S.K.: 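Mind having a look at this structure? Questions to follow.
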Amino acid sequence: MKWFLLFVAALGLGLATADSSADSIETTYNYYRLPTSLRPQKYHLRILTLLENPEDLRFSGSVKILIEALENTKNVTLHSKNLTIDESQITLRQIGGEGKKENCVSSTAVNPSHDFYILNTCQELLAGNTYELYMPFAADLNRQLEGYYRSSYKDPVANLTKWISVTQFEPASARLAFPCFDEPDFKAPFVVTLGYHKKYTAISNMPEKETKPHETLADYIWCEFQESVPMSTYLVAYSVNDFSHKPSTLPNSALFRTWARPNAIDQCDYAAQFGPKVLQYYEQFFGIKFPLPKIDQIAVPDFSAGAMENWGLVTYREIALLYSAAHSSLADKQRVASVVAHELAHQWFGNLVTMKWWTDLWLNEGFATYVASLGVENINPEWRSMEQESLSNLLTIFRRDALESSHPISRPIQMVSEISESFDQISYQKGSTVLRMMHLFLGEESFRSGLQAYLQKFSYKNAEQDNLWESLTQAAHKYRSLPKSYDIKSIMDSWTLQTGYPVINVTRDYAARTAKLNQERYLLNTQVARAYRGGCWWVPLSYTTQAVQDFNNTAPKAWMECGKNGESLPKTIQDLPGPDQWVIFNTQLSTLYKVNYDAQNWKLLIETLTNGDFERIHVINRAQLIDDALYLAWTGEQDYEIAMRLIEYLQREREYLPWKSAFENLKRVGRIVRQTPDFEFFKRYMKKLILPIYEHLNGINDTFSAIPQQDQVLLKTMVVNWACQYQVGDCVPQALAYYRNWRAEANPDEKNPVPINVRSTVYCTSIKHGSDSDWEFLWTRYKKSNVAAEKRTILTALGCSREVWLLQRYLELTFDPKEAIRKQDSMWAFQAVAFNEVGFLLAKKYFMDNVDFIYKFYHPLTKDMSRLLSPLSEQVITLSDFNEFKDFVNNSRQSLKGLEQAIQQTLEIMLTNVQWKERNYHQMSRSIQQLL
Ligand SMILES: *[C@@H]1O[C@H](CO)[C@@H](O)[C@H](O)[C@H]1NC(C)=O
Ligand SMILES: *[C@@H]1O[C@H](CO)[C@@H](O)[C@H](O)[C@H]1NC(C)=O
Ligand SMILES: *[C@@H]1O[C@H](CO)[C@@H](O)[C@H](O)[C@H]1NC(C)=O
Ligand SMILES: *[C@@H]1O[C@H](CO)[C@@H](O)[C@H](O)[C@H]1NC(C)=O
Ligand SMILES: *[C@@H]1O[C@H](CO)[C@@H](O)[C@H](O)[C@H]1NC(C)=O
Ligand SMILES: *[C@@H]1O[C@H](CO)[C@@H](O)[C@H](O)[C@H]1NC(C)=O
Ligand SMILES: [Zn+2]
């Protein structure tokens, strides 16, 4: 699935609506995994979907499962959740093996804590034999965005709500749609047959095979799809809808189609054109042809994750697939490319080769994330998105993984709720970051050939991370990219089995021309004792010096190794230059670590940055120096004065990445300082910093068509956003003027004079400085918009108001199902209010007062609810507010179930803010005042 919107999953609800005659739970088998005595060999799935009556949207069907017995057993245990099953119609017969005996199901039972449905058999099932189990089932098309569920859209011409059905199974919701062995390593081929009214279209993983009239229902048909390749249950998908599609097949390629509701079909062109190209790139990159005859991608109006990689039928949120040249910004377009590339990468990494168990979820997600950036870079090199994505992932993980409450990439999983918590930044961004590290230290040849060998070997099977490490070690030794005495497993285990990342101290001996390197875990919470910062990471050391300035070479010149007992060993680097030259470690930030230098080296770096020669340092390393200096100052290992002197050079910086790094850091400082008396100085400082780049980019004026480099468009978007926030130059008046022009349009839904790439800033600024009627105007545009990206931009801007009553009303309508905001988008509205300095206290209070209601509103989409917490955590800065929130958490355990990880992180971030305020606030304020 795709990270940026995060995923959701089922909480163990404990509701089993299996037939009431089910026996009480047997307590003999209470392990969370299915017994391994049986293996499914093939599924025949028939499902009739009823979309005619909006009051009664439901489905019924049957599954025939061919099962092989590997050991003798007296029961069939599989998953089923919330399905109504008529036990009297279940049949079981032997179809292969010795002595075909009559068999039947003598009784059934459920184990709701693991969603097990247990069929006790009349005769023992014998190892070596095959059986056929037939089970009918039925359920409503639910509203929870998981399993087999309903979604709807408004047909503006007919003025009608249209209903569609679609599936979302990962990680553990296939069991909500049909009884099955719902674990990733029970792979089997599927034959899907869908019944529906003939005015609809049905799609599934495979192409259509044949269509027949329904036996009894007039105007209904059965559509049978071709048998699939063996696959995991979480990848099965089907949908019944009245959508339109765009074909876009490339020569010698699989049939490629892109689907959307009819009134959004013209927004499919971009994804339809990008998708087949990236699919073709992967065929060549992985050395394996896409194995299915077709692939569909479909934009679903209600969707909980960002997108889902179902084999041959990829599902998306509208914002992740649809692109409108008139309404979507460059960042919106890049997001579509990135999500499509991510899902298509999964067709190999995840679908063809699947993790054995959810512990290795990161193998799917980390790879899809990393390979997607290779795919996008290959097709649109002018975006420089590889650099951007890499840095953005690093910045995210530098923060997230510096929390004690973080967790290893690879983690034990037992409960379904734990699986869903694993769809997080650690699996995606850290996974991707350590894979990039490996790519860079192994080099192209070893990396690719190791990957290809792994994919070949485990095609249609399941694998663990150790299997991948083996293939890569062999390739690395073959191509001599790793010393014979090293293996990938030892190196990578230190990154995937251990929480966190290191900071490396580089202490130079200028006379001896050496440097001594030490590592320890980097933590934001400075009260953690030294003894708990242990750990050792195998670190490939790349570096360059002021004289050589070779930032292109990311191959390791040396390694920091770990001892037999996992203790870190210091490392000494020889042959460094003298005291007049700097060194920089970690060229292009190829590895996830922070670097702290001695004072002299920092001084040399600051000189080069500020004397105008800064472009000699690679742009990613400039971003690194900014991020490292500001972090080390935050945690008190470095003076704020040094850090602030270092970023002074930004007044001349014209590239995107260093600014992105600086803004990410200053944003966090700003959110604290704006609640203090010294904000005045911070504001003046920000104005001084931003003004030169703002003017260089012609401010908010519409010069976009004259910008040759695409990443400068992103830079301008970002700088303008900051400029209006800090009232730099003519930003605010110009933004208001754009908005006035828009309001003056006779038909503002058709004609919008605001430049697309600054719309979010213009809207937010105008709502912030504007009137009630400015707010109403934008809310009306929201309701009328047909483009998901535009809707999201507006939703965020509506939270920028400084009117308490407007914000309060906005919060309330956000969680009102009768209002225009879909549940899937509600967190954006809440976040917008909560990140606003006026809205923060309102949002915090709203959350604390209504936590039960909010829990029920999202249930079972706990993940969405956890996203409400981050704005709260970033702005709590006093011990008393921290304690208040802690008490609230303790008193609301029931309503925060499934959010344990997010709560831990929230509390820890609040605590580090409190520490910062006590330790650094005055120091930082002083160093800023010196620079004014
Ligand atoms: C079902 O059979 C398996 C394998 O024989 C056994 O381990 C398990 O305990 C049985 N389950 C129940 C509920 O009896
Ligand atoms: C399960 O069924 C119950 C009762 O019919 C229903 O309230 C609930 O929403 C269902 N849950 C899901 C995830 O479909
Ligand atoms: C559309 O239908 C709704 C509800 O049936 C009705 O209130 C509304 O006036 C209709 N709008 C138009 C433009 O016909
Ligand atoms: C690195 O240097 C900092 C600041 O001088 C010091 O606090 C820290 O203990 C050192 N860490 C290691 C691993 O030497
Ligand atoms: C580094 O790589 C870039 C881009 O490939 C190239 O333009 C530049 O000349 C290289 N620099 C060195 C010192 O090799
Ligand atoms: C934007 O354009 C206006 C009108 O041409 C001009 O006066 C102003 O200086 C420009 N602003 C910037 C920051 O370039
Ligand atoms: Zn994914």
Side-chain angles (χ1 to χ4, degrees), residues 1-7 23-31 33-38 69-78 106-111 114 116-121 124-127 170-171 234-235 305-310 314-316 320 338-347 349-351 355 361-372 422-424 427-429 431-432 502-507 516-523 526 529-531 533-536 560 568-571 593-599 602 632-633 635-639 642:
M1 266 176 300
K2 177 58 187 178
W3 58 275
F4 78 95
L5 297 158
L6 292 178
F7 176 62
D23 293 348
S24 65
I25 307 160
E26 291 196 36
T27 49
T28 48
Y29 189 89
N30 205 21
Y31 187 51
R33 300 287 300 270
L34 291 174
T36 50
S37 39
L38 301 176
L70 304 175
E71 289 159 21
N72 296 357
T73 181
K74 287 218 59 182
N75 72 71
V76 180
T77 300
L78 40 62
S106 56
S107 64
T108 63
V110 294
N111 179 341
H114 301 305
F116 289 161
Y117 192 85
I118 302 145
L119 304 114
N120 296 307
T121 62
E124 189 167 41
L125 306 181
L126 299 178
E170 190 180 19
Y234 79 88
L235 293 169
M308 176 63 211
E309 68 267 21
N310 314 301
V314 185
T315 46
Y316 296 82
S338 155
V339 180
V340 170
H342 178 105
E343 302 312 325
L344 295 182
H346 271 310
Q347 307 298 311
F349 248 99
N351 300 7
M355 70 255 145
L361 175 69
W362 84 273
L363 273 188
N364 275 11
E365 298 305 347
F367 253 102
T369 305
Y370 183 59
V371 171
S422 289
F423 286 87
D424 67 357
S427 297
Y428 287 72
Q429 280 94 333
S432 172
V503 51
I504 294 185
N505 281 5
V506 175
T507 313
K516 190 155 182 238
L517 275 58
N518 285 296
Q519 59 164 305
E520 67 181 1
R521 180 163 180 211
Y522 185 75
L523 287 173
T526 45
R530 203 61 208 274
R533 295 169 174 248
C536 177
M560 280 203 85
S568 68
L569 307 172
K571 176 90 191 168
Y593 65 92
K594 300 212 146 285
V595 195
N596 198 1
Y597 301 102
D598 54 64
W602 279 118
L632 294 165
T635 47
E637 283 145 288
Q638 171 75 273
D639 256 358
I642 294 189

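In each ligand, atom 1 is the first atom listed, and ligand 1 is the first ligand listed. Owing to the predicted nature of the structure, the values given are computational and were not obtained by experimental measurement.
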S.K.: Does any non-hydrogen side-chain atom of Y593 lie less than 4.5 Å from one of P502?
M.R.: yes
S.K.: Would you verify that at least one protein heavy atom lies under 4.0 Å from atom 14 (O) of ligand 4, or report that none does?
M.R.: yes
S.K.: Examine ligand 4 and decide if any of its atoms is less than 4.0 Å from a heavy atom belonging to R533.
M.R.: no
S.K.: Mind checking whether I118 and Y29 have side chains closer than 4.5 Å, heavy atoms only?
M.R.: no
S.K.: Which option wins on minimum heavy-atom distance to atom 10 (C) of ligand 1: V76, T36, N75?
M.R.: N75
S.K.: Quick one: look up the protein heavy atom nearest atom 11 (N) of ligand 4 and list residue, atom name and how far away it is.
M.R.: N505 ND2, 2.9 Å
S.K.: Any N or O of T73 that comes nearer than 3.5 Å to an N or O of ligand 1?
M.R.: yes
S.K.: Q519 versus ligand 4: do any nitrogen or oxygen atoms come within less than 3.5 Å of each other?
M.R.: no
S.K.: Parallel, tilted or perpendicular: which describes the rings of H342 and Y428, with under 30° parallel and over 60° perpendicular?
M.R.: parallel
S.K.: Tell me, do C536 and Q519 make a side-chain contact under 4.5 Å, heavy atoms counted?
M.R.: yes
S.K.: What protein heavy atom is closest to atom 7 (O) of ligand 4, reported as residue, atom name and distance in Å?
M.R.: E637 CG, 4.5 Å
S.K.: Which of the numbered atoms in ligand 1 are below 4.0 angstrom from a heavy atom of S37?
M.R.: 4 (C)
S.K.: So, do L235 and E309 sit near enough that their side-chain heavy atoms are less than 4.5 Å apart?
M.R.: yes
S.K.: Parallel, tilted or perpendicular: which fits the ring planes of F349 and F367, with parallel below 30° and perpendicular above 60°?
M.R.: parallel
